[in-house]
**Q** 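If you scroll down you'll find the structure; I have some questions about it.
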Amino acid sequence: MPLPTGVSTRARVWIVVLALLLLGGGATAYTLRAAAGREDATTRTADPGFALTGGPGTLYARDTATGRVARLDPAATGGRTAGGPACDRFHAAGGTALCLRRRPGVPARSYVIVLDRQLREVRRMALPGIPSRARVSASGNMLAWTMFATGDSYARSSFSTRTSILDLRTGYLIKNIEQIPLTLGGHRYHAPDVNYWGVSFAADDNRFYATVSTGGRTHLVEGDMAAWSARALRENVECPSLSPDGTRLAFKKRVSDGPREPWRLYVYDLATGREHPVAERRGIDDQALWTDGRTLAYGYGGGVWSVPADGTGTPRELAAGASSPTGAVTD
């Protein structure tokens with residue numbers, strides 16, 4: 001590019017030097033980004049031999065330090081072996097694992113990655129949003145995930161979510177379940193502020209439970225995939241998690257309007273309609289995991305904790321610096 005007339009020789013020299021520095025800096029940045037991309041590709045997949053297999057009680061979680069899925073093992077260094085893929089949210093069941101991974105850049109985008117029991121990738125989708133919740137049905141056939149459409153959180157009064165469901169048997173993807181016909185208060189309900197999140201599947205891969213928010217209130221809904229319908233069962237239920245025997249739901253209940261720890265963890269009996277708080281008295285912002293028919297695991301304060309589901313006992317930390325607990329994959 002020719003320089004303007006009237007520019008001194010000294011100024012011309014500095015302009016040329018500055019241009020060379022900018023070009024060199026750009027080339028260096030490109031090289032570093034390319035190298036980082038190559039490193040990212042190798043560190044974000046599971047190590048050879050690392051799989052979601054193990055006996056009853058084997059627990060996996062996302063290791064905060066590495067961002068990778070880890071097997072919680074008291075005998076290992078640091079109490080875990082972090083050899084899985086990098087995920088921001090993770091869940092696995094029935095021979096299938098679901099990994100949600102935030103992609104860099106603006107606007108917010110993420111990968112939804114489906115893995116087999118050996119943690120080999122079988123499907124990948126790029127979708128907008130920030131990972132929030134991930135669930136796999138007991139059979140491994142049905143997958144559900146929730147993305148924040150913005151950087152907001154559930155603690156705020158206004159946010160937007162997109163909850164998707166994928167049927168691995170047919171490959172059919174519902175990108176947003178907001179259009180499912182909803183019955184609220186015994187009547188068909190329509191509103192522009194309807195948001196769903198926190199899906200939990202029943203054993204038949206047809207019925208599911210989830211949270212719906214509208215009009216400043218949250219509701220527990222029961223959905224029917226075959227009939228493509230949903231009905232509200234009760235208020236003030238968030239992030240339901242169905243017990244292995246299908247009789248109870250663990251969920252977050254709002255107990256305070258303040259922004260600091262507004263929820264408590266409760267268990268609800270579907271047959272009787274009775275609920276009780278668990279012994280965890282701190283504010284839990286997570287979709288709890290049933291590790292068996294008696295115990296819940298959840299994330300709090302940067303660690304994974306457990307507590308009896310019947311309201312007795314005391315919370316116990318299973319792993320510091322961890323989140324997204326899930327069990328070993330079984331058929």
Side-chain angles (χ1 to χ4, degrees), residues 89 91-96 98 100 112 114 123 125 127 132-147 154 160-215 217-253 266-275 287-290 293 331:
R89 294 289 185 272
H91 191 249
T96 303
L98 176 60
L100 307 183
V112 176
V114 183
R123 181 168 178 175
M125 294 163 282
L127 296 174
S132 174
R133 305 293 182 218
R135 271 300 183 268
V136 181
S137 69
S139 68
N141 293 324
M142 302 293 290
L143 280 62
W145 58 87
T146 300
M147 301 282 191
Y154 294 122
S160 179
T161 60
R162 293 188 182 94
T163 292
S164 307
I165 293 179
L166 173 64
D167 187 338
L168 291 182
R169 297 165 298 184
T170 63
Y172 184 65
L173 170 66
I174 302 169
K175 289 187 177 180
N176 194 338
I177 66 172
E178 285 181 9
Q179 301 308 313
I180 189 170
L182 172 64
T183 299
L184 181 62
H187 303 283
R188 178 71 186 278
Y189 183 81
H190 302 271
D193 68 340
V194 167
N195 274 292
Y196 283 87
W197 68 84
V199 170
S200 184
F201 293 102
D204 61 5
D205 283 340
N206 178 64
R207 184 166 45 95
F208 68 89
Y209 296 92
T211 302
V212 66
S213 171
T214 183
R217 299 176 182 272
T218 60
H219 305 264
L220 171 67
V221 298
E222 182 182 51
D224 187 311
M225 292 295 297
W228 190 235
S229 64
R231 63 187 182 100
L233 301 181
R234 56 171 296 166
E235 280 192 27
N236 199 9
V237 172
E238 300 185 46
C239 298
S241 180
L242 188 63
S243 62
D245 62 5
T247 64
R248 293 156 294 159
L249 286 167
F251 67 95
K252 290 164 37 183
K253 179 178 180 178
Y266 274 67
V267 172
Y268 170 63
D269 188 293
L270 288 166
T272 66
R274 296 174 183 171
E275 67 176 36
Q287 186 173 14
L289 171 81
W290 292 82
D331 289 328

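Residue numbers count from 1 along this sequence. Only heavy atoms go into these numbers, but all of them, side chains included; no hydrogens, no water, no symmetry mates.
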**Q** Taking all non-hydrogen atoms of both residues into account, name the closest pair between Met125 and Trp145 and its distance.
**A**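 The answer is CE-CH2, 3.8 Å.
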**Q** Quick one: side-chain contact (heavy atoms from CB on, under 4.5 Å) partners of Asn206, sequence neighbours excluded?
**A**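 Expected list: Asp204, Asp224, Met225, Ala226.
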**Q** Minimum heavy-atom separation for Thr96 and Gly140, please, with both atom names.
**A** OG1-O, 2.9 Å
**Q** To the nearest 0.5 Å, how far apart are CG in Leu220 and CG in Leu233?
**A**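 If we round to the nearest 0.5 Å, Leu220:CG and Leu233:CG are 4.5 Å apart.
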**Q** Ignoring hydrogens and angles, tell me if any N or O in the side chain of Thr211 forms a donor-acceptor pair with the backbone of Gly198 under 3.5 Å.
**A**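 No, the answer is negative, given that no donor and acceptor are paired below the 3.5 Å cut-off.
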**Q** In the structure I gave you, are the side-chain heavy atoms of Ser213 and Glu238 within less than 4.5 Å of one another anywhere?
**A** no
**Q** What's the shortest heavy-atom distance between Ala250 and Ala288, and which atoms?
**A**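 In this case the closest contact between Ala250 and Ala288 is CB-CB, 4.3 Å.
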**Q** How long is the gap from CD1 on Ile165 to NZ on Lys175, to the nearest 0.5 Å?
**A** 15.0 Å
**Q** Going from NE2 on His91 to CZ on Arg135, what distance comes out if it is rounded to the nearest 0.5 angstrom?
**A** 4.0 Å
**Q** Trp197 side chain to Arg133 main-chain N or O, any donor-acceptor pair under 3.5 Å?
**A**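 Such a contact is absent between Trp197 side chain and Arg133 backbone.
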**Q** How about Arg207 and Glu222: do any of their side-chain heavy atoms sit closer than 4.5 Å?
**A** yes
**Q** Which heavy atom of Gln287 sits nearest to which heavy atom of Val199, and what is that distance?
**A**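 Scanning both residues completely, I find the closest heavy atoms to be NE2-O, 3.1 Å.
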**Q** Enter the distance from His190:NE2 to Gln179:CD here, rounded to the nearest 0.5 Å.
**A** 10.0 Å
**Q** Counting C-beta onward and ignoring hydrogens, is there a side-chain heavy-atom pair between Arg234 and Tyr268 closer than 4.5 Å?
**A** yes
**Q** Residues two or more places apart in sequence or in another chain: which of them pass side chain to side chain donor-acceptor pair (under 3.5 Å) with Arg169?
**A** Asp167
**Q** Answer yes or no: is there a side-chain heavy-atom contact under 4.5 Å between Leu184 and Val212?
**A**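 Side chain of Leu184 against side chain of Val212, heavy atoms only: no contact under 4.5 Å found.
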**Q** Let me confirm one number: the OH-CG distance from Tyr209 to Leu242, rounded to the nearest 0.5 Å.
**A**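 The distance works out to 6.0 Å.
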**Q** Please list, chain by chain and in numerical order, all residues satisfying side-chain contact (heavy atoms from CB on, under 4.5 Å) with Ala230, sequence neighbours excluded.
**A** Ile180, Leu182, Tyr196
**Q** A side-chain contact here means heavy atoms from C-beta on lying under 4.5 Å apart; do Thr247 and Leu270 qualify?
**A** no
**Q** Around atom CZ of Arg217, are there more than 12 heavy atoms from other residues, nucleotides or ligands closer than 6.0 Å?
**A**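 No, the 6.0 Å shell around CZ holds no more than 12 heavy atoms from other groups.
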**Q** To the nearest 0.5 Å, what is the distance between CH2 (Trp228) and CD1 (Ile174)?
**A**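 Rounded to the nearest 0.5 Å, the CH2-CD1 separation comes out at 4.0 Å.
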**Q** Give a yes or no answer on whether the side chain of Arg89 reaches the backbone of Ser132 with a donor-acceptor pair at less than 3.5 Å.
**A**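 Yes; judged by distance alone, with no hydrogens or angles, the pair exists.
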**Q** Below 4.5 Å, heavy atoms only, C-beta onward: do Ser164 and Leu173 meet side chain to side chain?
**A** yes
**Q** So, do Glu178 and Asn195 sit near enough that their side-chain heavy atoms are less than 4.5 Å apart?
**A**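 Result yes, sub-4.5 Å side-chain heavy-atom pair found.
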**Q** So does Val112 get a backbone contact from the side chain of Arg123, meaning a donor-acceptor N/O pair under 3.5 Å?
**A** no
**Q** Which atoms form the tightest heavy-atom contact between Ser137 and Asp205, and what is the distance?
**A** OG-OD1, 2.9 Å
**Q** Do Thr218 and Phe251 have side chains that approach each other closer than 4.5 Å (heavy atoms only, starting at C-beta)?
**A** no
**Q** What heavy-atom pair brings Trp290 and Pro244 nearest, and what distance separates the two atoms?
**A** CB-CD, 3.7 Å
